**Q** 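One structure is given below, represented as structure tokens, and several questions about it will come after.
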Amino acid sequence: MALKQLLIAGGGIGGLAAALAATRAGWGVNLFERAPQFSEVGAGIQLGPNATRILQSWGLGRALAEVAAFPEYLQVRNASSGVVLGVLPLGEQIRTRYSAPYATIHRADIHGLLLAAVQQQTPSQLHLDQGVLEFNDDGNQVSVSTERGLTVEGNALVGADGLWSRVRQQLLGDSPPRVTGHLAYRSMLRQSALPERLRSTRVTAWLGPRLHVVQYPVRGGEWMNVVAIVQGTPPESASGWDQVAYAADLQRAMGATCEPLQSLMAAVPEASVHTHAWRLWPLSDRAPVSGSGQMAKGLVALLGDAAHPMRPYMAQGAGMAIEDAAAFAGALAEDGVDVPGRLGRYALARWQRCARVQARSIRNGEIFHSTGLVRWGRDASIRLFGQRILDVPWLYQPAS
Ligand code: FAD
């Protein structure tokens, strides 16, 4: 019997994870990526044990260990005073508790290891420079047409084409993503170029009024990823979603912070002289998913940011995309159910968890950026309950 064929729009972390999982489930894959090359931006992500457990189950544990960092602690500090409010041990403790590690990794590295794994699977065809323009689902087959005039048929289509998903636009016809008013400034620093006191092997979250900064090691600890999130409108010089940014704009937006944090921020080289200068991303999201019909209809499903773009305050957008891919492949592999039924099961299995993570991400942002009494209460709670607040068992435990 001929292999069933999955069409995938988008070759980011979500699309590649879906390709890998689907081929492992016995489907053939045609993946269409709009960019002329597979690539990821120069920034890091954190991957909780819920995501690394899946990577391990796909045989990627060793490859992950070669490129990621595995911080020993996550610490939360007050951005104004510098005081450490609470600590969550990661390292072996997390690995033992959740049977998988807490990893911090360069996006290009996780993307690269997924791509290498997909390329080793024979029934997968990867089409670069082929942005998906539209699809046609006739109830029996689904086809995609690309911006360059290619049309390919398959048995199912998954839209993994990110925040501004074209597949979603055609499938759901809902309003575009909303502007959050939060701006992410990000940079990567070589640890060896930093003064000793600024080097770190921990995940540190600095919480300040209307801002927070997260730093963590990547590339086996050789580099440090720094993301500062402030509220406001982008500076006038800014255009587009990923652009060069200026330390002076960030400094103005952050206001007064403690000396160690200021020194860290000042260590980022200026835009005019260095590729690792600040880059600015204005953040957009969508309201949490409100039903399974928002994740699949007929022969078409959505996955990753196309389905549930979220604020990065649970550090779970890519993690949810990886979970989606695993659940999607599980549904594809079900016998005795037609393809719309399988996609429906995927959507049913996923939408509430994704909605919960989206909602928690919004709430975390409010708590991280709080002012006045709320801020005081936040600091007191973290001091008092530390680990109990910072650990997230419902998220990190294996799905039952
Ligand atoms: P994308 O990465 O957007 O990939 C979509 C792909 O589709 C792209 O390659 C694009 O070129 C392609 N494409 C677009 N349109 C088309 C089309 N029409 N046809 C074909 N191809 C198309 N997540 C975590 O898990 N942990 C973190 O610590 C974390 N930190 C973050 C920090 C910040 C500041 C931000 C902004 C996000 C963070 N995230 C984090 C979220 C994470 O980056 C995203 O959720 C994840 O990358 C989404 O992957 P995706 O494959 O769904 O979408």
Side-chain angles (χ1 to χ4, degrees), residues 7-19 30-41 43-48 50-52 54-55 74 102-108 110-111 114-115 126-135 144-148 150 157-170 177 180 182-187 203 205 212-216 218 225-230 241-242 279-286 302-325 354 357-358 361 365 395:
L7 309 175
I8 301 178
I13 293 168
L16 289 178
N30 269 281
L31 182 148
F32 304 86
E33 166 57 46
R34 174 184 276 159
Q37 288 175 350
F38 283 112
S39 67
E40 259 289 351
V41 289
I45 52 171
Q46 305 176 63
L47 289 176
N50 56 310
T52 58
I54 294 170
L55 297 176
L74 178 154
Y102 194 102
T104 51
I105 185 167
H106 194 296
R107 281 167 190 267
I110 172 74
H111 190 265
L114 286 169
L115 178 60
L126 309 178
H127 309 269
L128 287 170
D129 207 4
Q130 293 286 357
V132 169
L133 195 58
E134 57 182 8
F135 66 82
V144 293
S145 306
T146 70
E147 288 155 358
R148 289 162 63 87
L150 189 68
L157 163 67
V158 60
D161 46 348
L163 175 68
W164 303 100
S165 168
R166 259 208 131 96
V167 174
R168 179 185 181 116
Q169 199 183 24
Q170 186 181 341
T180 61
H182 291 203
L183 309 173
Y185 286 78
R186 61 170 181 79
S187 177
V203 179
H212 77 283
V213 177
V214 183
Q215 65 176 95
Y216 50 80
V218 294
N225 184 71
V226 185
V227 185
I229 303 209
V230 295
W241 75 274
D242 176 18
R279 308 272 318 170
L280 170 60
W281 295 353
L283 300 181
S284 297
D285 74 348
R286 287 182 181 277
L302 299 174
L303 176 153
D305 277 8
H308 40 67
M310 57 185 73
R311 298 178 191 196
Y313 311 142
M314 291 283 281
Q316 279 288 336
M320 286 300 109
I322 291 168
E323 281 194 6
D324 285 349
C354 295
V357 176
Q358 283 177 294
S361 299
L395 180 59

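Quick caveat, the model's predicted, so the values are computed rather than measured. Both ligands and their constituent atoms are indexed starting at 1 by order of listing.
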**Q** Return the residue, atom name and 0.1 Å-rounded distance of the protein heavy atom closest to atom 16 (C) of ligand 1.
**A**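 The closest one turns out to be Asp161 CB, 3.6 Å.
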**Q** When you measure from atom 32 (C) of ligand 1 to every protein heavy atom, which one gives the shortest distance, and what is it?
**A** Pro312 CB, 3.5 Å
**Q** Donor-acceptor check, side chain of Ser165 to backbone of Asp161, threshold 3.5 angstrom: yes or no?
**A** no
**Q** Test side chain to side chain contact (heavy atoms under 4.5 Å, CB included) on Ile110 and Leu55 and set out the steps.
**A** CA-CA 10 Å; Ile110 172 74; Leu55 297 176; 3.7 Å; yes
**Q** Does any part of the side chain of Asn50, heavy atoms only, come nearer than 4.5 Å to the side chain of Met320, both counted from C-beta?
**A** yes
**Q** Mind telling me whether His111 and Phe38 have parallel, tilted or perpendicular rings, with 30° and 60° as the class edges?
**A** tilted
**Q** Main chain of Ala43, side chain of Asn225: is a donor-acceptor contact present, judged purely on distance under 3.5 Å?
**A** no
**Q** So which of Leu302, Ile8, Leu31, Val167 actually passes side chain to side chain contact (heavy atoms under 4.5 Å, CB included) with Val158?
**A** Ile8
**Q** So which of Arg107, Gln46, His127 gets nearest to atom 38 (C) of ligand 1, if we judge by its closest heavy atom?
**A**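 It is Arg107 that holds the nearest heavy atom.
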**Q** Identify the closest protein heavy atom to atom 45 (O) of ligand 1: which residue and atom is it, and at what distance?
**A**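 Protein heavy atom at minimum distance: Asp305 OD1, 2.7 Å.
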**Q** List every atom of ligand 1 that sits less than 4.0 Å from any heavy atom of Gly14, numbering the atoms from 1 in the order shown and giving each element.
**A**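 Every atom of ligand 1 under 4.0 Å from some heavy atom of Gly14: 50 (P), 51 (O).
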**Q** Counting only heavy atoms closer than 4.0 Å, does ligand 1 sit against the backbone of Trp281, its side chain, both, or neither?
**A** side chain
**Q** Looking only at protein heavy atoms, which one is nearest to atom 41 (C) of ligand 1, and what is the separation?
**A** Gly317 CA, 3.8 Å
**Q** Give the atom numbers and elements of ligand 1 that come within less than 4.0 Å of a heavy atom of Ile13.
**A**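 Those atoms are 51 (O).
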**Q** Run the numbers for me: atoms of ligand 1, each under 4.0 Å from some heavy atom of Gly162, listed by number.
**A** 3 (O), 5 (C), 53 (O)
**Q** So which of Gly44, Ala315, Ala318, Ser165 gets nearest to atom 42 (C) of ligand 1, if we judge by its closest heavy atom?
**A**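 Answer by nearest heavy atom: Ala318.
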**Q** Would you give the length of the straight line joining atom NE2 of His127 to atom CG of Leu150, rounded to the nearest 0.5 angstrom?
**A**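 It comes to 6.5 Å.
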**Q** Who's the nearest protein heavy-atom neighbour of atom 21 (N) of ligand 1, and how far?
**A**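 Protein heavy atom with the smallest distance to atom 21 (N) of ligand 1: Arg34 N, 3.1 Å.
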**Q** Checking side-chain polar atoms at under 3.5 Å, does Asp285 have a donor or acceptor matched by the opposite partner on Gln358?
**A**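 Their side chains do not contain a donor-acceptor pair, so the 3.5 Å distance test is not met.
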**Q** State the OG1-CG distance between Thr52 and Leu47, to the nearest 0.5 angstrom.
**A** 7.0 Å
**Q** Can you report which non-hydrogen protein atom sits closest to atom 9 (O) of ligand 1, along with the distance?
**A**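 Residue, atom and distance for the closest contact: Glu33 OE1, 2.7 Å.
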**Q** Among protein heavy atoms, which lies nearest atom 2 (O) of ligand 1, and at what distance?
**A**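 Protein heavy atom with the smallest distance to atom 2 (O) of ligand 1: Glu40 OE2, 3.9 Å.
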**Q** For atom 17 (C) of ligand 1, which protein heavy atom lies nearest, and how many Å away is it?
**A**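 Answer for atom 17 (C) of ligand 1: Val132 N, 3.6 Å.
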**Q** Can you sort out which atoms of ligand 1 are near Gly319, meaning under 4.0 Å from one of its heavy atoms?
**A**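 Those qualifying, in numeric order: 25 (O).
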**Q** Which atoms from ligand 1 have a heavy atom of Gly131 less than 4.0 Å away?
**A** 19 (N), 20 (C)
**Q** Counting from 1, what ligand 1 atoms have a heavy atom of Gly304 closer than 4.0 Å?
**A** 52 (O)
**Q** Heavy-atom contacts with Leu283 under 4.0 Å: which atoms of ligand 1 show up? List them by number with element.
**A**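 Going through ligand 1 atom by atom, the ones under 4.0 Å from Leu283 are 36 (C).
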**Q** Step by step, would you call Val132 with Leu7 a side chain to side chain contact (heavy atoms under 4.5 Å, CB included)?
**A** CA-CA 10 Å; Val132 169; Leu7 309 175; over 6 Å; no
**Q** When you look at Asp129 and Arg148, which way does the side chain to side chain contact (heavy atoms under 4.5 Å, CB included) test go after all the steps?
**A** CA-CA 8 Å; Asp129 207 4; Arg148 289 162 63 87; 3.5 Å; yes
**Q** Could you please spell out the steps behind the side chain to side chain contact (heavy atoms under 4.5 Å, CB included) verdict for His308 and Val357?
**A** CA-CA 9 Å; His308 40 67; Val357 176; over 6 Å; no
**Q** To which of Ala184, Gly10, Ala160 does the heavy atom nearest atom 5 (C) of ligand 1 belong?
**A** Ala160
